[in-house]
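Let me begin by presenting the structure, written as structure tokens, before commenting on it.
As the structure lists them, so they are numbered: ligands from 1, and atoms in each ligand from 1.
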Amino acid sequence: MKTSSILVIYTGGTIGMKRDSVDGTLKPFDFSQIAGEVQELSKSSVRITPKTFDPLIDSSNVEPSMWVELANLIRDSHDSYDGFVVLHGTDTMAYSASALSFMLEGLDKPVVFTGSQLPIGVPRTDGRENLVSAIEIAAAKDACGQSLVPEVCIYFNSRLLRGNRSTKFSAEAFDAFISPNCPALADAGITIRYNRDVIRRAPGGGLNVHTNLDTRVAILKLHPGMTPEVMRSVVCSPATRACIIETYGSGNALSKDWFIDIVKEASAQGKILLNVTQCISGTVNMDLYATGTALKNAGVVTGKDITTEAALGKLFCLMGMSGDNSWVKAKLEENLAGEISE
Ligand code: ASP
């Protein structure tokens, strides 16, 4: 008997691709062919309903409109399923999972993103195990019938990571994702061990879906040799409402006058400037060095240990909720969906 019901949303990515016999490139194929490659699914106690997006995409082409489509679909089918699995390309999976974690406020069911490095039809594919375990995790409940992981997460290579803490760090290894500032939510071995102290639970009050996204965000990665002209064109452009400044180490930037002047100019224009470290792990601390303090004094908000992927989704969502930049700045410092350490 099938005990749980899971909606598997197929958006594209390598997991469902096949090599084109004419030009040799990888192209998507449909979900029935994916299911046909994974015999384990027919033996599962989980009822699986597939939903295929049109068009199926290489996730390099993902747009916020697809996140809105996903969020609406999850809202509309929330009461009919125990959980959701999203098949997605790995390249931008961390961006999509991050954005959804802010869009699905009050989520009380699992939304598990997964994909693979090798297509599912290939003998050495990592897609089979990723798919089967992601479905098992999305369906897992405690003795009271509550979902074990009511979060937006990424399952990959035997580990379940919080979506808005994850980043793709390998283009080749099966172990493609890491979450350096947050322990895994679960580890899959012979059994799946859930890290219950880390898993977040919605406070109650129901699902509140935010689909109005303001995408006027620029990302400026600091590097030696940056010129004032290039920096000003990005940060002070009328098209930029917010800029994520990817700084060095613990949130440090150059202390040259022209640099601080441009930051002050953008700040005086009311722009939202968020300090996110280029380092894979660790946190921004603008009180540590004079080069960080200067940014703080110029009106830059600390991103703490947020990833760039999560910072982008958080800004899109908060800016879509309000035109008041002071409100957005205050919210950026709050931990909204487990994206920063407290
Ligand atoms: N380019 C692919 C994508 O992101 C890579 C993958 O799925 O692993 O859709």
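On a distance-only criterion, D91 and ligand 1 share at least one N/O pair closer than 3.5 Å. Of the polar atoms of T14, at least one N or O is found under 3.5 Å from an N or O of ligand 1, judged by distance alone. Checked by distance only, ligand 1 and H88 stay at 3.5 Å or farther apart across all their nitrogen or oxygen atoms. Distances between N or O atoms of K168 and those of ligand 1 include no value under 3.5 Å.
Side chains of N181 and R165: a donor-acceptor N/O pair is absent below 3.5 angstrom, by distance only. Between the side chains of E246 and T308, at least one donor N or O lies within less than 3.5 Å of an accepting N or O. For the residue pair T283 and D305, no side-chain donor N or O sits within less than 3.5 Å of a side-chain acceptor on the partner.
Proximity of a side-chain donor or acceptor of T277 to a complementary backbone N or O of C279 within less than 3.5 Å is detected.
Within the 4.0 Å heavy-atom shell around ligand 1 one finds S116.
When the side chains of ILVMFWY residues are joined at heavy-atom separations under 4.5 Å, either directly or via intervening members, V234 and I262 end up in a single hydrophobic cluster.
If you number the atoms of ligand 1 from 1 as listed, the ones under 4.0 Å from a heavy atom of D58 come out as 1 (N), 2 (C), 3 (C), 4 (O), 9 (O). In summary, the atoms of ligand 1 found under 4.0 Å from a heavy atom of G13, numbered by their order in the structure, are 7 (O), 9 (O).
What sits closest to atom 4 (O) of ligand 1 on the protein, heavy atoms only, is S59 OG, 2.5 Å. In terms of protein heavy atoms, atom 8 (O) of ligand 1 is closest to T90 OG1, 2.4 Å.
When the ring-ring contact (aromatic ring centres under 6.0 Å, His included) test is applied to F156, the partners found at least two apart in sequence or on another chain are F177. Y155 is linked by a ring-ring contact (aromatic ring centres under 6.0 Å, His included) to nothing, counting only residues two or more places apart in sequence or in another chain.
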